[in-house]
Amino acid sequence: MIPLQIIREQPDWVIQRLAVKNFDANSLIYQILELDWKRKSTQFESDERSAEYRKLTQEIGSLIKAGQAGKANDRKNEVAKIKEEVRNLQERLDEISRQMNELLVRLPNIPDERVSPGISPADNEIVYSEGSIPQLPPEALCHWDLAVKYQIISFEIGSKVTGAGFPFYKDKGAKLQRSLISFFLDEATKAGYTEYEPPLLVNEDSAFATGQLPDKEGQMYFVPQDNFYLIPTAEVPLTNVYRNEFLKHTDFPIKLCAYSACFRREAGSYGKDVRGLNRLHQFDKVEIVQLSLPENSFQILEEMTEHVAHLLRKLELPFRKVKLCGGDMSFTSALTYDFEVFSAAQQKWLEVSSVSNFTEFQANRMKLRFKDKNGKTRLAHTLNGSALALPRIMAALLENNQSSQGIHIPEALIPYTGFDSIP
RNA sequence: GGAGAGGUGGCAGAGCGGUCGAAUGCGGCGGUCUCGAAAACCGUUGUCCUACGUAAGAGGGACCGGGGGUUCGAAUCCCCCCCUCUCCGCCA
């Protein structure tokens with residue numbers, strides 16, 4: 001949620017910035033400003049009446065104490081009238097606030113100055129590419145075929161037991177998954193992130209705080225009996241660890257990481273992009289989260305992308321860093337970098353990480369504040385990144401490392417897997 | 001799931017219908033003392049909203065887990081929900 005103060009002070013700037021995200025904020029902003037004014041005046045009136053009301057009730061108290069019951073009763077009649085007025089004003093105020101909030105919540109985060117306009121992934125900017133793309137023989141297989149050949153992933157059993165998009169990993173495939181998770185967690189803790197194991201279900205407040213609600217409601221699995229949402233990413237529980245917290249400026253930066261299963265309904269997805277491991281309803285991911293001082297957040301974003309790049313180098317995968325254009329960025333983000341690995345048999349780049357700075361957008365929603373050096377209350381900045389999402393890493397590893405001798409395991413993983421190839 | 005107890009300011013903990021934003025202790029901040037520090041003493045100390053003020057701040061309003069109700073008046077009484085603790089049941 002964009003802090004109201006910014007909208008008040010520079011509405012036209014906000015409109016102009018949001019246009020970079022292809023978001024026409026014009027009417028929303030002006031409606032908000034109008035409601036803001038209405039809210040203020042209503043509240044002013046309501047406060048005045050409340051003050052009167054308070055005074056009167058106190059008078060009644062002292063009259064009763066003084067034994068002047070008659071006078072007190074007269075006052076009671078007066079009070080009844082004011083009370084009714086206060087109640088009406090309060091109701092109007094609540095309604096105005098509700099409307100205003102509804103509009104505020106619909107505004108996406110303001111993109112950073114260095115985000116370029118654009119409407120689709122085609123407009124994203126490739127920051128750099130690294131690693132060499134392997135030349136596979138013509139008989140090379142895509143990972144879904146390799147999965148069958150080596151008996152390490154079963155989509156078939158997954159569909160029987162649960163449904164499409166819920167694969168089973170098996171044997172060395174399962175071990176490889178576990179190895180990747182441990183490797184990513186170890187690297188994250190080495191980099192100073194504190195490891196958490198979060199709940200996989202969260203309540204409504206948490207889902208709202210990080211921006212999943214209200215707009216992405218349909219993308220999450222929901223447990224109506226208890227009003228819980230299955231997390232689409234560990235970002236949700238991790239960031240919410242600090243919901244409603246008031247920190248000291250010396251507490252920053254705060255670095256958290258977690259492995260979790262992630263659940264996404266992926267409503268509306270179809271076609272060849274969803275084949276094999278490319279898009280799943282349940283997948284594993286290690287997430288890194290940082291809370292930072294506003295002045296450091298963009299530098300921290302770079303630091304986090306370096307961490308991701310480091311992981312990909314260690315896995316010996318060809319990858320590229322992509323800066324997202326306005327139109328491809330998420331609702332909550334101010335600046336996002338994606339990392340894509342090249343999956344050699346599919347001959348395409350697969351997104352394996354997304355690292356974003358949410359500036360004060362989430363902090364505002366979740367009331368994550370701190371006192372700065374001057375004792376002023378301010379909103380913190382929140383950031384997160386996948387480090388990394390497993391399925392597409394798995395896909396690229398299998399495809400790129402295939403040979404007649406089997407699947408080769410990168411050096412960095414061998415201490416975890418205990419084997420150097422899948423024969 | 002059943003029975004009981006409880007949720008108060010950064011923390012601990014009083015208040016149980018009026019003048020209570022809330023005693024007291026601890027902590028924090030400022031000061032006195034000191035070469036300096038500790039101790040002691042004195043002062044101060046929350047959040048949010050706000051058509052006054054350039055600002056510091058002043059004035060007003062709201063907030064005692066969340067929501068509703070009773071009452072002229074609620075932290076205090078009643079109802080619903082959430083959470084914590086104890087006991088019982090069930091269970092990885």
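Convention: sequence-line order gives letters A, B, ...; per-chain numbering from 1.
Here the rule is ring pair (Phe, Tyr, Trp, His ring centres under 6.0 Å) with A:F370, and of A:F246, A:Y242, A:F252 only A:F252 fits it.
Note on A:K83: a side-chain N or O is less than 4.0 Å away from OP1 or OP2 of B:rG73. For the pair A:K371 and B:rU47, the criterion of a side-chain N or O lying under 4.0 Å from OP1 or OP2 is met. Using a 4.0 Å cut-off, no side-chain N or O of A:R39 falls inside it from OP1 or OP2 of B:rC48.
Comparing the C1' positions of B:rC78 and B:rG61 gives an interatomic distance of 27 Å, to the nearest angstrom. Rounded to whole Å, the P atom of B:rU44 lies 15 Å from the corresponding atom of B:rG59. With C1' as the reference atom, B:rG30 and B:rU86 are 45 Å apart, rounded to whole Å. On the C1' atoms, B:rG21 is 27 Å away from B:rA5, given to the nearest whole Å. Straight-line distance between the P atoms of B:rA92 and B:rC79: roughly 37 Å, to the nearest whole Å. Separating the P atom of B:rA12 from that of B:rG67 is a span of 22 Å, rounded to the nearest Å. As rounded to the nearest Å, B:rA55 and B:rU45 have P atoms that lie 23 Å from one another. The same atom, P, is picked in B:rG15 and in B:rC29; the two are 31 Å apart, to the nearest Å.
Sparse packing is recorded around CD of A:E204, with 12 or fewer heavy atoms of other residues, nucleotides or ligands lying under 6.0 Å away. In A:K55, the NZ atom is not crowded: 12 or fewer heavy atoms of neighbouring residues, nucleotides or ligands sit closer than 6.0 Å.
Note: A:H281 and A:F166 meet the aromatic proximity criterion, with ring centroids under 6.0 Å apart.
The stretch residues 50-64 of chain A comes close to RNA chain B through A:S50, A:A51, A:Y53, A:R54, A:T57, A:I60, A:G61, A:I64, each having a heavy atom under 4.0 Å from the strand.
The separation between A:Q90 atom CD and B:rC63 atom C1' is 12 Å, rounded to whole Å. The distance between atom CZ of A:R8 and atom P of B:rC49, rounded to the nearest whole Å, is 8 Å. Atoms CD (A:E45) and P (B:rG60) sit 19 Å apart, rounded to a whole Å. Between the P atom of B:rG61 and the CD1 atom of A:I82 lies a distance of 13 Å, rounded to the nearest Å. The distance from atom CG of A:L93 to atom P of B:rC48 is 18 Å, rounded to the nearest whole Å. A:M100 places its CE atom 11 Å from the P atom of B:rC49, with the value rounded to the nearest Å. What separates CD of A:E204 from P of B:rC82 is a distance of 14 Å, to the nearest Å. Between the NE2 atom of A:H249 and the P atom of B:rC29 there is a distance of 11 Å, given to the nearest Å.
Ranked by how close their nearest RNA chain B nucleotide is to the 5' end, A:F246 and A:F44 are led by A:F246. Of the two residues contacting RNA chain B, namely A:R369 and A:R87, the nearest-nucleotide position lying further toward the 5' end is that of A:R369.
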Between A:Y169 and A:I152, is a side chain to side chain contact (heavy atoms under 4.5 Å, CB included) present by the stated rule, with each step listed?
CA-CA 6 Å; A:Y169 299 87; A:I152 48 175; over 6 Å; no

Worked verdict on A:W144 versus A:Q346 for side chain to side chain contact (heavy atoms under 4.5 Å, CB included):
CA-CA 10 Å; A:W144 48 85; A:Q346 295 183 75; 3.6 Å; yes

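To the nearest 0.5 angstrom, A:R392 atom CZ is 6.5 Å from A:N278 atom CG. Distance check: A:N203 CG to A:F228 CZ gives 7.0 Å after rounding to the nearest 0.5 Å.
Base pairing in RNA chain B gives the following stems of 3 or more Watson-Crick or G-U pairs, range against range and under 3.5 Å: B:1-7 with B:82-88, B:10-12 with B:24-26, B:27-32 with B:40-45, B:46-50 with B:59-63, B:65-69 with B:77-81.
Comparing B:rC72, B:rG61, B:rU50 by their nearest atom to the side chain of A:D47 picks out B:rG61.
Judged purely by distance below 3.5 Å, without hydrogens or angles, the side chains of A:E195 and A:T189 never pair a donor atom with an acceptor atom.
In this structure, A:P111 and A:V20 approach most closely via the heavy-atom pair CG-CB, 4.0 Å.
Applying the side chain to side chain contact (heavy atoms under 4.5 Å, CB included) criterion to A:S46, with sequence neighbours excluded, gives A:S50, A:L89, A:Q90.
A:S46 comes within 4.0 angstrom of nothing in the nucleic acid, heavy atoms only.
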